[in-house]
Amino acid sequence: MQDDSSRKQDDELITRTQAGDPAAFDELIVKYSPRLYGLVYNMTSNHEDTNDLMQDIWAKAYRSISGFRGKSSFYTWIHSIGVNMTINFLKKRGRRFTLSLDDIDSKVEHDKEFMELTATSTPVREAHLSELQKRLNEAMQKLSNDHRAVVTMFDVQGMPHAEIARILGISEGTVRSRLFYAHRQLQNFLSEFH
Amino acid sequence: MTEEQLTALLRLKRYEQPPPEYFDRLLQDIHRRQRTDLLRRPLWKIAVERMQTLFSEHSMGHTSYAGALAVALVGGITVIGLMTPSGGLKERGEPATAVASTQAAPSPDKLLHLQHASLPKLVTQPLQTPQAAQMSAREPLYVIDARPASYEPSSSFNF
């Protein structure tokens with residue numbers, strides 16, 4: 001998930017932050033916020049909540065970074081804080097669903113899978129795809145928080161099983177079984193679409 | 001829907017990202033939040049952190065840090081102990097029998113006898129300074145005298 005040079009760069013930034021250089025911590029924020037945002041947003045389905053959580057997560061990371069000893073990578077550490085805080089937040093919030101597809105980045109048009117899905121694009125097909133994505137988001141919200149976290153990390157963010165296991169503090173087997181169950185549920189929710 | 005179709009559809013969700021300027025604003029929001037958090041921190045936390053910084057600047061190990069804290073604690077207790085007036089019974093001039101009576105439990109008759117014998121006879125007199133005596137000799141002053149003649153209570157309504 002993370003190459004050696006990236007990890008070395010992180011180690012240096014962490015050392016500088018621990019020595020009291022706030023600019024080094026800013027570099028870590030800039031580097032990891034887009035991925036962290038994707039994780040939190042796909043779990044909360046709400047931009048405002050994601051924004052608040054992003055601030056909370058980074059604030060907590062800043063307070064705790066003096067105790068960071070490099071037993072895991074910073075990537076794993078910050079994602080672990082992010083997932084735990086988001087799950088705690090969702091437990092308190094209950095179910096609320098306000099995800100908007102208008103936020104999809106324009107880069108999606110260059111994605112291979114998107115091009116395949118819209119290869120023979122017709123208004124009917126596009127409307128079908130849009131409806132399908134809407135239904136997928138609704139289906140995602142029907143999953144439990146733990147299952148949604150695994151689907152977000154594996155399918156949306158492309159993390160390997162081992163990394164997800166480290167972030168969530170569970171075994172790889174549990175990651176795989178949660179993924180299997182979540183996929184089955186999503187397929188059931190979307191069964192009317194072919 | 002097949003497994004492949006589902007994974008392809010899920011992968012498209014990675015493009016659900018806010019515009020790039022959002023992350024610049026986020027950085028500013030985090031800075032603002034950090035400053036607010038710093039201002040809201042209780043004084044004792046700041047004091048502890050400063051102590052830790054002071055010790056870490058002198059590159060002290062955990063053991064010496066704990067030792068220094070222990071010395072500071074003992075020193076503080078000693079100073080407080082010296083500053084507090086020592087409350088020994090002998091210094092107050094109280095009879096030694098008060099201490100002695102706790103050593104062996106005497107019979108009720110003996111206890112009554114001991115109380116009469118050991119307790120000093122107290123002569124009670126009202127505490128009065130010369131100024132207080134002068135004040136009491138004067139006519140009493142009433143607060144109502146200070147009320148202006150034009151005073152009307154606010155509760156009087158004339159319709």
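Note: hydrogens, waters and symmetry copies are ignored here, and every other heavy atom, side chains too, is used. In what follows, chains are A, B, ... by sequence order, proteins preceding strands, each numbered from 1.
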Are the side chains of [X] and [Y] in touch, meaning some heavy atoms are under 4.5 Å apart?
X: B:Leu12; Y: A:Leu136; answer: no
X: A:Val156; Y: B:Glu16; answer: no
X: A:Met140; Y: B:Lys13; answer: yes
X: B:Glu3; Y: A:Arg184; answer: yes

Short N-O contact, B:Arg33 and A:Asp56, less than 4.0 angstrom:
yes
At what distance, to the nearest 0.5 angstrom, does [atom1] of [X] lie from [atom2] of [Y]?
X: B:Arg14; Y: A:Thr152; atom1: CZ; atom2: OG1; result: 12.0 Å
X: A:Gln157; Y: B:Leu10; atom1: CD; atom2: CG; result: 12.0 Å
X: A:Asp155; Y: B:Leu9; atom1: CG; atom2: CG; result: 10.5 Å
X: A:Gln55; Y: B:Asp29; atom1: CD; atom2: CG; result: 4.5 Å
X: A:Thr50; Y: B:Tyr22; atom1: OG1; atom2: OH; result: 7.0 Å
X: A:Ser33; Y: B:Asp24; atom1: OG; atom2: CG; result: 10.5 Å

Please say yes or no: joined through hydrophobic side-chain contacts below 4.5 Å, possibly via intermediate residues, are B:Leu27 and A:Phe74 part of one cluster?
yes
Hey, quick one: are A:Val30 and B:Ile30 part of the same hydrophobic cluster, counting side-chain heavy atoms closer than 4.5 Å, chains of contacts allowed?
yes
Which region of [X], side chain (C-beta onward) or backbone (N, CA, C, O), has a non-hydrogen atom less than 4.5 Å from a non-hydrogen atom of chain B, or is it both or neither?
X: A:Pro34; value: both
X: A:Phe25; value: side chain
X: A:Asn188; value: neither

Could you report the tightest heavy-atom contact between A:His47 and B:Pro18, atom names first, then the distance?
CE1-CB, 4.4 Å
With chain B, the option among A:His183, A:Met54, A:Arg63 that has the most non-hydrogen atom pairs under 4.5 Å is A:His183
